[in-house]
Amino acid sequence: MIYLKNTSNLNIAYWFYNKAKSSKINLSEQKLQYLLFLAQMHYSAKYTKLLMPSLFVYSQSGIYDPSIRTIMKYGFPLMSDPLFSADVSSFLNLIWQKYSSLNDVNLREFVYSLKCLKQYSDSNDEIIINPFNLADSFAASIKSENTTAKKTKIMISQNGPVKVSAWTPKKIKK
């Protein structure tokens, strides 16, 4: 498995923690776990390598990195700010911009609605998942979600919300 050098799950988590702190946003452990998972999935889907070496556990209560869960019980250790390349920093900023506005519940619903995780949804057990193995199906589910979202437009009319579609003229018979 190939992963980006000089990154760890703790460094990425600490980056999100600092970003939330500077944005004056309360970052719960659950939201942090979902941000880590989504960052890993987006990165592996885009670059065909892992952002950080890590495994996640899928459970009915949430997806989590066991190391980060243990650390969050006691709070982050005193660390210096992680130094990432400009590419990694801009990538993490994009993830932050895309998902930080979602609350814990909405973020959980989004993650659990991903098609790549459907194979685990019937299990009541905790299952270790390898994000690299889900990269292709994650990319496909995000791509299909984006194209569906672009095709469907909702506007408000006098009678309430209306689904708007492109107008296609009828052919005239000669």
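By convention here, the first residue in the shown sequence is residue 1.
Q119 and Y58 share no side-chain donor-acceptor pair at under 3.5 Å.
Note: K98 NZ to L35 CG = 12.5 Å, rounded to the nearest 0.5 Å. Separation of atoms CG (L36) and CG (D65) is listed at 6.5 Å; rounding is to 0.5 Å. N26 CG to K21 NZ: the interatomic distance, rounded to the nearest 0.5 Å, is 12.5 Å. Between L10 atom CG and I71 atom CD1 the span is 4.5 Å, to the nearest 0.5 Å. Atoms NZ and OG, on K19 and S100 in that order, are 8.5 Å from each other to the nearest 0.5 Å. The line from CG of N11 to OG of S80 is 8.0 Å long, rounded to the nearest 0.5 Å.
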Are L51 and H42 close enough, and set up right, to give a side chain to side chain contact (heavy atoms under 4.5 Å, CB included), and what steps lead you there?
CA-CA 9 Å; L51 176 62; H42 277 286; over 6 Å; no

Side chain to side chain contact (heavy atoms under 4.5 Å, CB included) between E109 and N106, intermediate numbers included
CA-CA 5 Å; E109 287 174 0; N106 292 338; 4.0 Å; yes

Using side chain to side chain contact (heavy atoms under 4.5 Å, CB included), reason through L134 and L117 one step at a time and then give a plain yes or no.
CA-CA 8 Å; L134 298 178; L117 294 175; 3.8 Å; yes

Apply side chain to side chain contact (heavy atoms under 4.5 Å, CB included) to residues L102 and K31 and explain how you reach the verdict.
CA-CA 9 Å; L102 297 174; K31 187 171 185 173; 5.6 Å; no

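The backbone N or O of D125 lies less than 3.5 Å from no partner atom in the side chain of Y120, so there is not a single donor-acceptor pair. Of the possible donor and acceptor atoms, one in the side chain of Q40 sits under 3.5 Å from a partner among the backbone N and O of M52. In terms of modelled atom types and a separation under 3.5 Å, the side chain of S23 and the main chain of A20 share no donor-acceptor contact. Between the side chain of S121 and the backbone N or O of K118 there is at least one donor-acceptor pair closer than 3.5 Å. When atom types are taken as modelled, the side chain of S90 and the backbone of D87 share a donor-acceptor pair closer than 3.5 angstrom.
Just one residue in the list F16, Y43, F56, F110 forms a ring-ring contact (aromatic ring centres under 6.0 Å, His included) with F37, and that residue is F56. For the side chain to side chain contact (heavy atoms under 4.5 Å, CB included) test with Q30, the passing option among V105, L107, D104, I63 is D104; the others fail.
One hydrophobic cluster holds both M79 and L32 under the rule that ILVMFWY side chains link at heavy-atom gaps under 4.5 Å. Hydrophobic clustering of Ile, Leu, Val, Met, Phe, Trp and Tyr side chains at less than 4.5 Å, counting indirect connections, keeps F138 apart from L94. Both L55 and V57 are assigned to one and the same hydrophobic cluster, defined by single-linkage of ILVMFWY side chains at heavy-atom distances under 4.5 Å. In the hydrophobic cluster analysis, where Ile, Leu, Val, Met, Phe, Trp and Tyr join through side-chain heavy atoms closer than 4.5 angstrom, I25 is grouped together with I12.
Closest non-hydrogen pair, A39 versus L92, comes out as CB-CD2, 4.4 Å. Nearest heavy-atom pair across Y14 and P82 is CD2-CD, 3.7 Å. Taking both residues in full, the closest heavy atoms of P66 and Y64 are given as CD-O, 3.7 Å, listed atom of the first, atom of the second, then distance. Minimum interatomic distance between P53 and S8 (heavy atoms only, all atoms of both residues): CD-CA, 4.4 Å. Summarising the geometry of E126 relative to S59, their closest heavy-atom pair is CG-CB, 3.6 Å, with the distance given to 0.1 Å.
Taking the ring centroids of Y99 and Y34, they lie at or beyond the 6.0 Å cut-off.
In the displayed structure, F84 atom CZ is contacted under 6.0 Å by more than 12 heavy atoms of other residues, nucleotides or ligands.
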